[in-house]
Structures are given as C-alpha cells and as structure tokens.
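Shown next, in structure tokens, is the structure this report addresses.
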Amino acid sequence: MSVFEELSKTTCFGGSQLTLSHDSKATGTPMKLSVFVPPAAADAPVPCVFWLSGLTCTEENFTVKAGAQRMASELGLIVVAPDTSPRGEGVADDEGYDLGQGAGFYVDATEAPWTPHFKMYSYVTEELPALIREAFPVRPGGLGVMGHSMGGHGALTVALRNSELFKSVSAFSPIVAPTQAPWGRKALAAYLGDDQTKWAAHDACELVCSRGFPTQILVDQGDADGFLEEQLQTWRLVDACKEVGQSAKIRMQPGYDHSYFFIATFIDDHLRHHARILG
C-alpha cells in the first residue's frame with residue numbers, strides 16, 4: 001500500500017476497516033477513501049465493489065452509517081468508498097451544496113473554474129481502480145459499483161460506459177436523468193458547458209438506450225423520498241429499461257425516504273446482488 005497513507009485501521013467483523021489518503025494525479029489534490037477488507041482476502045483474491053456517495057458526503061458517511069461491513073465480511077467483498085470530490089485550498093467551490101466541493105457529479109469538468117481539479121470520472125474509472133488493484137487482492141474481472149443519489153447517478157453512468165471494467169451495478173435513489181432534473185442540469189452546465197449534446201454521456205437513461213448493460217441493474221427507491229418527483233425521476237429509468245429490454249430490478253420501497261436509514265435497510269440485498277454477479 002505504498003501509494004496510500006493509512007489514516008486509521010479498525011478490526012471489524014473479522015476484517016479491517018481502513019481510512020486512507022493519497023495524492024491523486026487525476027484531481028491534482030489529496031483524496032481520502034475508506035476500504036473494508038474482508039477476512040477472506042487473506043487467503044485469495046476477492047471481488048471488490050466501489051460505493052459512490054451523494055451530495056455533501058465524504059468517504060465517512062457510507063462507512064459509518066450503511067452497516068455494510070457485516071455482509072461484506074460474510075460474502076468476501078472488498079468495499080471501497082472514495083470522497084465525492086476534490087477538496088482543499090485552491091480547489092474551486094460554490095456557495096450551493098449541489099455544486100463544487102462535495103458535489104463532483106462523477107464527470108470530468110471542461111469548464112472554468114472547475115477544469116483543473118474536478119476529474120471525478122477519470123478518478124473512479126481509471127486511477128482509483130488501478131491503485132486498489134495494486135494495493136489489495138482484487139480478483140481479476142471482479143469489480144462492481146454502487147451508489148446513492150448523486151453517487152447513484154455516478155454508479156449507473158460509469159458502469160454503463162465501462163462495462164468491461166464494472167461487471168455489476170446497483171443504486172439507491174439515483175438521479176437517473178440528470179439532463180432533465182434541476183440538480184443535474186445545474187451541475188452539467190457548470191462542469192461541461194451549455195452544449196447539451198455533451199450531457200447525454202452522463203445520463204443513465206440515455207446510456208441504457210444507447211449502450212445497455214450486460215448484467216441486471218438493481219435500483220431501490222423510497223416512495224416517501226422528498227426528491228423523487230423533481231430530482232430523481234425513477235420512472236424515466238423504468239421506461240428506458242422497458243424500451244430496450246434491459247434486465248433491471250427497480251423496486252419502489254413503501255415508506256422509505258432518502259436517508260441512510262433506507263440504505264442500511266437494503267444494503268445487504270445490494271451486496272448479495274454484486275456477489276452473485278461477480279462470483
């Protein structure tokens with residue numbers, strides 16, 4: 001793990017919960033991440049699942065709130081949760097919570113002032129997977145991705161665009177059509193400019209129709225989520241999958257909201273989904 005600085009290490013369900021830092025070439029900043037390593041990794045390479053978090057989150061939210069470690073230990077999965085954006089002195093920011101630091105949207109920015117550091121697409125599809133494979137015993141072909149809200153958008157889009165890298169995908173409460181939703185339109189215009197033809201490459205509904213995904217997509221969405229109608233628009237993904245025959249399990253969960261209580265309730269299902277596909 002020479003590239004990573006170990007900030008903390010805790011024994012958890014027989015494995016290790018790590019918090020790490022490294023200097024990212026993609027973002028040009030230090031980046032933090034958490035990594036859970038199951039006990040099975042001591043004996044042989046195991047599958048690895050990335051978790052992409054939502055607006056305002058860091059690597060810590062999922063690590064301390066989702067309760068994923070017990071099932072990850074049982075299934076033998078490494079779970080990696082990076083921060084949601086570059087941070088620090090000299091990194092562009094915005095007064096709004098939905099743009100700038102904490103709101104990287106998993107794209108590579110092409111517009112000022114975001115261009116120098118906001119390269120989260122390259123970070124999670126190129127740099128970080130390579131570093132994780134170097135530092136941990138990841139089974140070849142055994143990488144999946146999941147996420148929540150903005151991170152659900154990230155998980156779906158990076159998987160759909162990189163199915164040779166990510167073999168399994170799932171999401172909680174994802175922004176499925178950012179080209180149609182206020183959060184997405186604000187971020188995509190800021191990071192990528194006003195040419196909306198460039199936005200489609202970061203829209204899960206567009207990508208389902210143009211590319212598809214070779215394995216089943218799992219999505220959980222709470223029907224009591226206050227962001228559902230305006231920002232998340234889950235029905236658009238349902239329609240897109242039906243239109244092209246994409247294998248998908250999209251579940252509306254009665255009474256659940258946008259919080260980590262929702263995620264903690266169904267995280268075991270998502271980890272089993274990834275373990276089944278990754279083998």
Side-chain angles (χ1 to χ4, degrees), residues 10-19 33-41 46-84 106 124 132 136 138 142-156 158-159 166-176 204 215-225 227-228 232 234 237 248-279:
T10 304
T11 300
C12 184
F13 293 102
S16 297
Q17 179 62 63
L18 308 169
T19 301
L33 62 148
S34 78
V35 180
F36 176 75
V37 183
V46 297
C48 175
V49 183
F50 279 27
W51 170 271
L52 306 183
S53 291
L55 289 169
T56 75
C57 290
T58 70
E59 77 292 338
E60 184 179 39
N61 297 75
F62 174 80
T63 306
V64 302
K65 293 182 178 181
Q69 292 90 346
R70 180 187 63 80
M71 184 55 65
S73 177
E74 180 179 320
L75 295 171
L77 296 174
I78 294 172
V79 181
V80 176
D83 199 354
T84 52
Y106 305 100
V124 300
I132 292 295
F136 299 97
V138 177
L143 194 62
V145 61
M146 57 183 177
H148 171 233
S149 195
M150 175 188 73
H153 140 77
L156 292 172
V158 303
F166 296 109
K167 304 299 185 181
S168 60
V169 63
S170 71
F172 291 87
S173 315
I175 306 169
V176 302
T215 62
Q216 185 182 65
I217 297 170
L218 173 63
V219 172
D220 273 312
Q221 172 64 57
D223 72 359
D225 188 326
F227 301 115
L228 175 57
L232 308 179
T234 310
L237 184 62
K249 183 184 291 185
I250 302 173
R251 310 187 299 192
M252 295 299 298
Q253 301 291 0
Y256 285 92
D257 61 14
H258 201 69
S259 72
Y260 264 86
F261 294 111
F262 169 51
I263 295 168
T265 302
F266 297 102
I267 189 65
D268 285 1
D269 286 355
H270 284 244
L271 292 170
R272 292 189 188 101
H273 167 81
H274 289 277
R276 175 179 59 82
I277 293 170
L278 298 176

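FYI, the numbering just counts along the sequence from 1.
In this structure, OG1 in Thr10 is found 10.0 Å from CD in Gln69, a value given to the nearest 0.5 Å. Atom CG of Leu33 sits about 11.0 Å away from atom OG1 of Thr58, to the nearest 0.5 Å. Leu55 CG to Ile175 CD1: the interatomic distance, rounded to the nearest 0.5 Å, is 6.0 Å. With rounding to the nearest 0.5 angstrom, the NZ atom of Lys65 is 10.0 Å from the OG atom of Ser53.
Contacts of Ala159 classified as side-chain contact (heavy atoms from CB on, under 4.5 Å), with partners at least two apart in sequence or in another chain: Val145, Phe166, Val169, Phe213. Partners of Tyr260 according to the ring-ring contact (aromatic ring centres under 6.0 Å, His included) rule, which considers only residues two or more places apart in sequence or in another chain, are His148. His258 is linked by a side chain to side chain donor-acceptor pair (under 3.5 Å) to Ser149, Asp225, counting only residues two or more places apart in sequence or in another chain. Every residue two or more places apart in sequence or in another chain was checked for a side chain to side chain donor-acceptor pair (under 3.5 Å) with Thr265, and none qualifies. Residues forming a side chain to side chain donor-acceptor pair (under 3.5 Å) with Asp83 (at least two apart in sequence, or on another chain): Arg87. When the side chain to side chain donor-acceptor pair (under 3.5 Å) test is applied to Ser170, the partners found at least two apart in sequence or on another chain are His270, His274. Remark: Pro47 pairs with Leu77, Arg139, Leu278 by the side-chain contact (heavy atoms from CB on, under 4.5 Å) rule, at least two apart or across chains. The side-chain contact (heavy atoms from CB on, under 4.5 Å) search around Arg251 returns Leu218, Asp220, Lys249, Gln253, Phe266, Asp269, not counting sequence neighbours. Ile277 meets the side-chain contact (heavy atoms from CB on, under 4.5 Å) test with Ser168, Thr215, His273; sequence neighbours excluded. Phe62 meets the ring-ring contact (aromatic ring centres under 6.0 Å, His included) test with Trp51; sequence neighbours excluded.
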List the steps and the verdict of side chain to side chain contact (heavy atoms under 4.5 Å, CB included) for Leu143 and Ile132. CA-CA 10 Å; Leu143 194 62; Ile132 292 295; 6.0 Å; no

Audit row: Ser34, Gln17, side chain to side chain contact (heavy atoms under 4.5 Å, CB included) steps and yes/no: CA-CA 7 Å; Ser34 78; Gln17 179 62 63; 3.6 Å; yes

Applying side chain to side chain contact (heavy atoms under 4.5 Å, CB included), run through Ile267 and Met71 and close with a yes or a no. CA-CA 9 Å; Ile267 189 65; Met71 184 55 65; over 6 Å; no

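Pairing each heavy atom of Leu271 with each of Ala72, the nearest pair is CD1-N, 3.9 Å. The minimum heavy-atom distance linking Gly76 with Pro38 is given by the pair C-CG, 3.7 Å. Of all the heavy atoms in Val124 and Phe50, the pair that sits closest is O-CE2, 3.9 Å. Between Leu52 and Gly154, the shortest heavy-atom distance links the atoms CD1-C, 3.7 Å. Between Ile250 and Thr234 the shortest heavy-atom distance is CG2-CG2, 3.8 Å. Smallest separation of non-hydrogen atoms from Ser173 and Gln221: CA-OE1, 3.1 Å.
Using cut-offs of 30° and 60° for the angle between ring planes, the Phe262 and Tyr256 rings count as tilted.
Ser73 places a side-chain N or O within donor-acceptor distance of the main-chain N or O of Phe13, the cut-off being under 3.5 Å. Between the Ser16 side chain and the Leu18 main chain, no donor and acceptor come within less than 3.5 Å of each other.
Annotation: salt bridge (charged side-chain N to carboxylate O under 4.0 Å, His left out) contacts involving residues 254-266, sequence neighbours excluded, are absent. Within the structure, every pair that satisfies the salt bridge (charged side-chain N to carboxylate O under 4.0 Å, His left out) test and touches residues 66-79, not counting sequence neighbours, is listed here: Arg70-Glu74, Arg70-Asp268.
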